[in-house]
Q: 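Quick one: the structure is below, questions incoming.
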Amino acid sequence: MKKNRWWIPYAIIGCLFLVIGILIIFVKQKNVQKNISEVAYNEEWNQIMADYINQNDIKLSIDKHFIRQDREKPYFTKNMQLMLPCGMLQEGFNCAENIYNKKKLVIERGANQAVLKLNSRVLIFNDNEYELAESVKKIGKELYIPAELFTDYFNYKYQWDSESRTCSFENSAKEDSFLPDAYSYLDRGRSVPAKDQGNYGTCWAFATLTALETSLLPEEREDFSENNLIHNNVLSEEIHDGGDYIRSMAYLMSWNGPVLEKDDPYGSAVSTKKKTVVKHVQEAKMIPSGDYEQIKEMVFKCGGVESSIFMASTASNMDQTYYNPEKSAYCYKGDEKPNHDVVIIGWDDHFPKESFKDNTVKKDGAFLCMNSWGEDFGNKGTFYISYEDSQIGKLNVCYTGVEGVHNYDRIYQADLCGWIGTMGFEGSPHAYFSNVYRAKENEKIHAVGFYATKELISYEVFVCNQYEGKSSLNDRTHIAASGTIKNQGYYTIPLDKAYPVQKGKNFAVIVKVEDIHEKDYKLIPVEINSKDIDVNVRLDDGEGYISSGGEKWQSAEKQKSNICLKAYTKKMK
């Protein structure tokens with residue numbers, strides 16, 4: 001008698017469905033790894049994949065450039081959506097990112113604008129409303145942005161390589177500039193009210209602190225004291241003396257300021273130096289003469305750019321030879337040296353050339369500048385300066401690293417006058433310089449700071465936390481930090497780890513710098529007596545050394561100078 005095999009067809013059909021299901025899951029899993037915008041078929045699998053990927057750092061490549069990740073890292077959500085820390089957006093995607101009222105994040109790139117709110121998936125892109133797969137999240141002190149914002153709205157292609165653990169983005173726009181044709185702080189809540197220097201020669205102080213204040217906006221609005229800057233710098237205390245950004249940088253980088261305007265009001269005959277410093281300035285970039293694109297980039301991303309011009313008139317005696325009050329437009333094309341400082345807070349590439357009184361202006365375009373002659377001057381204290389002005393954009397500085405006062409506990413320094421001169425070894429494109437300090441308590445060295453005297457230099461930083469004489473400077477088996485610097489200016493370099501020092505014991509920090517193009521040998525920033533600047537340099541407040549090859553060391557003090565090299569420490573817990 002034959003057995004009943006009615007169940008066989010059903011078993012075959014069941015096996016087929018099982019195989020098809022496995023194939024679908026396999027295909028879907030592969031797709032999730034290829035494109036972050038696809039929806040996962042299996043939520044549990046996505047969670048497993050995300051947890052596995054997030055166990056180690058994710059590399060980020062944008063337009064074939066790997067982005068340095070000092071603290072915050074990208075990560076994948078449980079839905080396999082890539083999230084990017086807000087702190088790397090400027091460098092990576094060449095965009096401006098600003099937070100308004102601690103709730104609204106505005107990201108701008110070229111003519112495009114994205115508006116996002118914290119803990120919301122709603123996106124307003126160029127005035128149209130959309131919904132993102134993930135919301136903007138705040139983790140600790142950092143905001144995280146869904147990467148789909150750049151893939152779906154800012155014209156970037158995305159690819160995930162699981163073997164190298166690299167997320168790669170590439171700009172797919174054919175003709176793409178991250179800078180708009182026109183930009184103004186007045187329209188974006190990033191401007192401060194115009195101030196009035198009165199009849200004093202203090203435009204330099206107003207320009208410095210206006211630039212510093214705009215670098216904090218729109219997140220923070222501060223009013224810093226020009227009076228304290230004028231009276232509390234080691235180069236001069238006379239309000240009529242005039243000054244420049246070198247004097248301002250010395251004051252700021254030594255943590256002598258800034259202080260608040262309400263604590264030291266402008267115009268006071270005497271300034272009390274013992275006022276509360278409310279910010280630590282850790283970086284300032286000096287933009288090359290005539291580099292209008294970089295000036296715009298700094299304004300777009302960072303803050304106002306302090307720049308010098310020749311002004312043929314004063315606030316009390318307005319000469320209209322070069323100034324058109326009806327259009328708030330100025331252009332000087334002569335050979336006079338700069339005598340006035342302003343702050344560039346925007347630009348307009350299409351500002352009409354006919355607006356300027358000088359009929360030799362050939363092309364449209366001008367910078368929008370904040371003056372220090374009160375709100376009655378120009379348009380609420382601002383005016384336009386033609387791109388063809390002979391001085392605008394030649395001497396420039398932007399304050400790009402402004403931090404809270406609790407970033408470090410102590411600063412060790414011997415250069416209160418700041419960077420006045422340079423030294424080096426003729427014929428050598430590299431140099432070593434070092435400062436020796438005595439620890440005031442048990443601490444750890446977290447960073448060093450120095451001036452880059454040239455554009456495009458490379459550096460290596462070394463630490464000798466148990467200094468016992470010049471021979472200790474040659475024990476450099478470990479590089480504590482290295483990199484390249486694009487612009488002249490002052491830079492704080494974080495170390496790879498914290499280096500302990502003992503109270504009462506000497507320690508040294510050492511820097512090797514090299515001119516990448518090997519064009520100049522004057523690479524060591526020094527504080528030195530100068531014929532051009534009336535300054536009295538103290539030589540008893542430090543112990544500095546210089547060397548061409550890092551083996552034979554010379555005393556900087558015997559050269560009548562101090563090395564501009566600071567060390568930043570935190571107390572041991």
Side-chain angles (χ1 to χ4, degrees), residues 183-186 190-197 200-217 222-226 228-230 233 235 241-253 256-258 266 279 281-311 330 337-347 366-373 377-378 381-385 387 389-402 418-419 451-452 487-491:
Y183 193 81
S184 169
Y185 280 8
L186 298 177
R190 297 181 63 184
S191 179
V192 299
K195 301 180 182 182
D196 193 346
Q197 69 186 74
Y200 301 118
T202 54
C203 60
W204 61 279
F206 280 86
T208 290
L209 296 183
T210 294
L212 191 64
E213 290 163 6
T214 59
S215 72
L216 297 172
L217 286 166
E222 300 286 3
D223 185 6
F224 297 132
S225 168
E226 289 80 16
N228 194 266
L229 168 55
I230 294 160
N233 70 83
L235 297 180
D241 272 0
D244 55 27
Y245 59 74
I246 296 298
R247 180 174 302 187
S248 299
M249 288 172 70
Y251 163 85
L252 294 171
M253 303 312 169
N256 282 331
Y266 182 65
K279 291 291 179 183
V281 180
Q282 302 293 152
E283 181 176 287
K285 293 182 180 180
M286 299 166 64
I287 304 166
S289 174
D291 192 340
Y292 286 3
E293 289 301 297
Q294 194 175 164
I295 290 174
K296 294 176 181 178
E297 180 181 355
M298 290 295 104
V299 173
F300 189 57
K301 294 180 179 180
C302 303
V305 173
E306 181 180 355
S307 191
S308 300
I309 63 172
F310 173 76
M311 186 61 99
Y330 182 86
K337 294 181 179 180
N339 63 355
H340 188 61
D341 282 0
V342 295
V343 181
I344 300 173
I345 60 169
W347 69 87
F367 288 113
L368 176 64
C369 299
M370 175 66 74
N371 205 357
S372 52
W373 291 354
F377 172 79
T382 68
F383 65 123
Y384 281 95
I385 301 180
Y387 291 157
D389 184 275
S390 60
Q391 297 298 339
I392 190 68
K394 285 190 173 181
L395 299 172
N396 318 289
V397 64
C398 182
Y399 300 95
T400 49
V402 186
W419 173 32
Y451 293 90
N487 289 76
Q488 288 181 302
Y490 183 87
Y491 297 88

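Computed from a prediction, not measured in an experiment: that's the story for all the values here.
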Q: List the residues meeting salt bridge (charged side-chain N to carboxylate O under 4.0 Å, His left out) with K279, not counting sequence neighbours, and say none if there are none.
A: E220
Q: Is any side-chain heavy atom of T214 less than 4.5 Å from a side-chain heavy atom of S191?
A: no
Q: Can you sort out the partners of E293 under salt bridge (charged side-chain N to carboxylate O under 4.0 Å, His left out), two or more places apart, ordered by chain and number?
A: K296
Q: What residues form a side chain to side chain contact (heavy atoms under 4.5 Å, CB included) with S307, not counting sequence neighbours?
A: I344, I392, N396
Q: We want to know whether D196 and Y266 form a side-chain donor-acceptor pair, criterion being a heavy-atom distance below 3.5 angstrom.
A: no
Q: May I ask you to test the L368-V299 pair for a side-chain heavy-atom distance under 4.5 Å?
A: no
Q: OG1 of T400 to CE of M298: how many Å apart, nearest 0.5 Å?
A: 7.0 Å
Q: In chain order, what residues pass the salt bridge (charged side-chain N to carboxylate O under 4.0 Å, His left out) check against E283, with sequence neighbours excluded?
A: none
Q: Within this structure, what is the SG-CG distance for the pair C203 and N339, rounded to the nearest 0.5 Å?
A: 7.5 Å
Q: Are I309 and H340 close enough that some pair of their side-chain heavy atoms sits under 4.5 Å apart?
A: yes
Q: For the CD atom of Q282 and the CE atom of M253, what is their distance to the nearest 0.5 Å?
A: 8.0 Å
Q: Roughly how far, to the nearest 0.5 Å, is the SG atom of C369 from the CG atom of D389?
A: 9.0 Å
Q: Apply salt bridge (charged side-chain N to carboxylate O under 4.0 Å, His left out) to D291 and list each qualifying residue two or more places apart in sequence or on a separate chain.
A: none
Q: Aromatic rings F300 and Y183: how do their planes relate, parallel, tilted or perpendicular, breaks at 30° and 60°?
A: perpendicular
Q: How many angstroms lie between atom CE of M370 and atom CZ of F383, to the nearest 0.5 angstrom?
A: 10.5 Å
Q: Between S390 and F310, is any pair of side-chain heavy atoms under 4.5 Å apart?
A: no
Q: Less than 4.0 angstrom from a charged side-chain N to a carboxylate O is my criterion; do E213 and K195 meet it?
A: yes
Q: For F367, which residues count as a ring pair (Phe, Tyr, Trp, His ring centres under 6.0 Å) partner, sequence neighbours excluded?
A: Y292, Y387
